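I have placed the structure first, in the form of structure tokens, so that the comments after it can refer back to it.
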Amino acid sequence: MSEAVATATPIFEVRKLTKRFRGLTALSEVTFRVSPGEILGLIGPNGAGKTTLISLISGTLLPTSGEIYFEGQRIDGLAAYKRARLGIGRTFQVMKPFPGLSVLENVTVGALFGATEGQERKRTRAREKARELLEFTGLGRRIDQRADALGGPDRKRLEFAKALALHPKVLLLDEVMAGLNHVEVDEVVELIRKIRDRKVTILVIEHVMKAIRNLSDRLLVIHHGQQIAEGKVDQVLKDPRVVEAYLGKRRQ
């Protein structure tokens, strides 16, 4: 990431973001910002609040308190579909393609729904965009197959294609490498880099440390809903609090 990107006006920012579920505080006063073109890695133990954070940013959950800004506009009160049309896309840990529809049809739905760069939402244009994205994500060979018949790795590629069909400026990735072998992980890392090359800013949750180290410009670490570290990758991974809470004695 260039120095210019590092000092740019943030594309999105969260301030003291908190989420409570009855008596449980899932996230407590998390504050950070992400610059355009940056890849921010989000790490922490299972149950730390990482997916909750992504859900708050994308709008599938609403915060108990705190603020979220996207391109300078406060969005924490907006519905999820409105945030998507502003340019916030996400993937999900549990992959649920539209049943009974082909791979192409699944991605076409996203292209019809998402941001349009000033163009009308036309089915022909949406199908063209879907085809292009399926080639880009490595699913061109599966284009006419039923989406619910795809295997795990191809379902992850479909998640990428569906999210990209929204034409996002920011893409939130939730454990897109879980369950993949080493070769498949390397392929996903390369795909994420290619997405960033398309001027998409990325926040990625991941437990595959080799991948998160190689991908991220910075890291944000959450533990028990609390933000415990943020900064350059090597600096964060050497932080004693991060080692104790997440990396464990094997890193000491």
Side-chain angles (χ1 to χ4, degrees), residues 36-42 51 54 57-58 83-85 87-117 119 121-208 210-212 214-216:
E38 185 176 18
I39 297 179
L40 178 67
L42 176 58
T51 295
I54 277 188
I57 295 169
S58 65
R83 300 188 204 190
R85 286 181 174 167
I88 299 176
R90 70 165 293 181
T91 65
F92 292 85
Q93 284 187 47
V94 180
M95 299 164 289
K96 293 182 178 179
F98 298 115
L101 298 184
S102 71
V103 169
L104 177 62
E105 289 166 337
N106 264 257
V107 183
T108 300
V109 170
L112 284 167
F113 175 82
T116 59
E117 300 178 280
Q119 300 178 10
R121 295 184 178 87
K122 294 184 178 179
R123 186 179 298 273
T124 300
R125 172 59 186 142
R127 287 176 70 87
E128 290 173 358
K129 182 66 175 177
R131 288 180 183 276
E132 185 268 320
L133 288 172
L134 288 168
E135 291 294 338
F136 175 75
T137 56
L139 275 180
R141 69 194 186 285
R142 306 287 192 194
I143 198 164
D144 294 319
Q145 184 174 336
R146 279 178 54 126
D148 50 11
L150 293 176
D154 281 342
R155 284 197 178 203
K156 290 181 183 290
R157 292 181 179 276
L158 180 61
E159 278 287 292
F160 274 105
K162 287 164 60 181
L164 290 171
L166 297 173
H167 194 71
K169 299 174 183 178
V170 170
L171 185 57
L172 312 172
L173 302 176
D174 197 351
E175 295 195 36
V176 289
M177 300 175 212
L180 300 182
N181 63 37
H182 293 300
V183 172
E184 292 162 347
V185 166
D186 289 343
E187 291 172 349
V188 171
V189 167
E190 182 59 28
L191 177 57
I192 292 172
R193 289 187 175 129
K194 287 164 60 180
I195 292 170
R196 198 255 289 271
D197 289 344
R198 292 187 165 204
K199 303 187 185 303
V200 178
T201 302
I202 296 169
L203 188 155
V204 53
I205 296 174
E206 195 48 66
H207 288 292
V208 181
K210 178 183 176 182
I212 205 73
N214 291 337
L215 272 175
S216 304

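Fair warning: this is a prediction, and the values are worked out from it, not measured in the lab.
With Arg196 contributing its side chain and Glu38 its backbone, the two residues share no donor-acceptor pair below 3.5 Å.
Taken from CZ in Arg90 to CG in Leu166, the straight-line distance is 12.0 Å, to the nearest 0.5 Å. Interatomic distance, OG1 of Thr108 versus CZ of Arg131, reported as 8.0 Å (0.5 Å rounding). Interatomic distance, Lys129 NZ to His167 NE2, rounded to the nearest 0.5 Å: 6.5 Å. Annotation: the span from Phe136 atom CZ to Ile195 atom CD1 amounts to 5.0 Å, rounded to 0.5 Å. Separation of atoms CG (Leu40) and CD1 (Ile212) is listed at 8.5 Å; rounding is to 0.5 Å. Atom CG in Asp148 sits 13.5 Å away from atom NZ in Lys96 (nearest 0.5 Å).
Taking each heavy atom of Glu135 and Gly140 in turn, the nearest pair found is OE2-CA, 3.5 Å. Of all heavy-atom pairs spanning Leu134 and Ala161, the tightest one is CD2-CB, 4.1 Å. Of all non-hydrogen atoms in Arg198 and Leu133, the two that sit nearest each other are NH1-CD2, 3.7 Å. Pro97 and Arg155 get closest at one heavy-atom pair: CD-NH1, 3.7 Å. Across Phe92 and Glu159, no two heavy atoms sit closer than the pair N-OE1, 2.8 Å. Scanning both residues, Leu158 and Leu139, for their nearest heavy atoms gives N-CD1, 3.4 Å.
Side-chain atoms of Arg141 and Asp154, non-hydrogen and from C-beta on, do get closer than 4.5 Å to each other. In this structure, the side chains of Asn214 and Arg193 come closer than 4.5 Å at one or more pairs of heavy atoms. Counting heavy atoms from C-beta outward, Val188 and Lys156 have side chains that stay 4.5 Å or more apart.
For Lys210, the NZ atom is loosely surrounded, since the number of other residues' heavy atoms within 6.0 Å does not exceed 12.
With Leu203 as the partner, the side chain to side chain contact (heavy atoms under 4.5 Å, CB included) test is satisfied by one option alone out of Leu171, Ile39, Val170, Leu172: Leu172.
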Can you give the donor-acceptor pairs under 3.5 Å from side chains of residues 174-184 to other protein atoms, not counting sequence neighbours?
residue : atom : partner : partner atom : Å
Asp174  : OD1  : Thr51   : OG1          : 3.3
Asp174  : OD1  : Gln93   : NE2          : 3.2
Asp174  : OD2  : Thr51   : OG1          : 2.9
Asp174  : OD2  : Gln93   : NE2          : 3.4
Asn181  : OD1  : Val183  : N            : 3.1
Asn181  : OD1  : Glu184  : N            : 2.8
Glu184  : OE1  : Asn181  : N            : 2.9

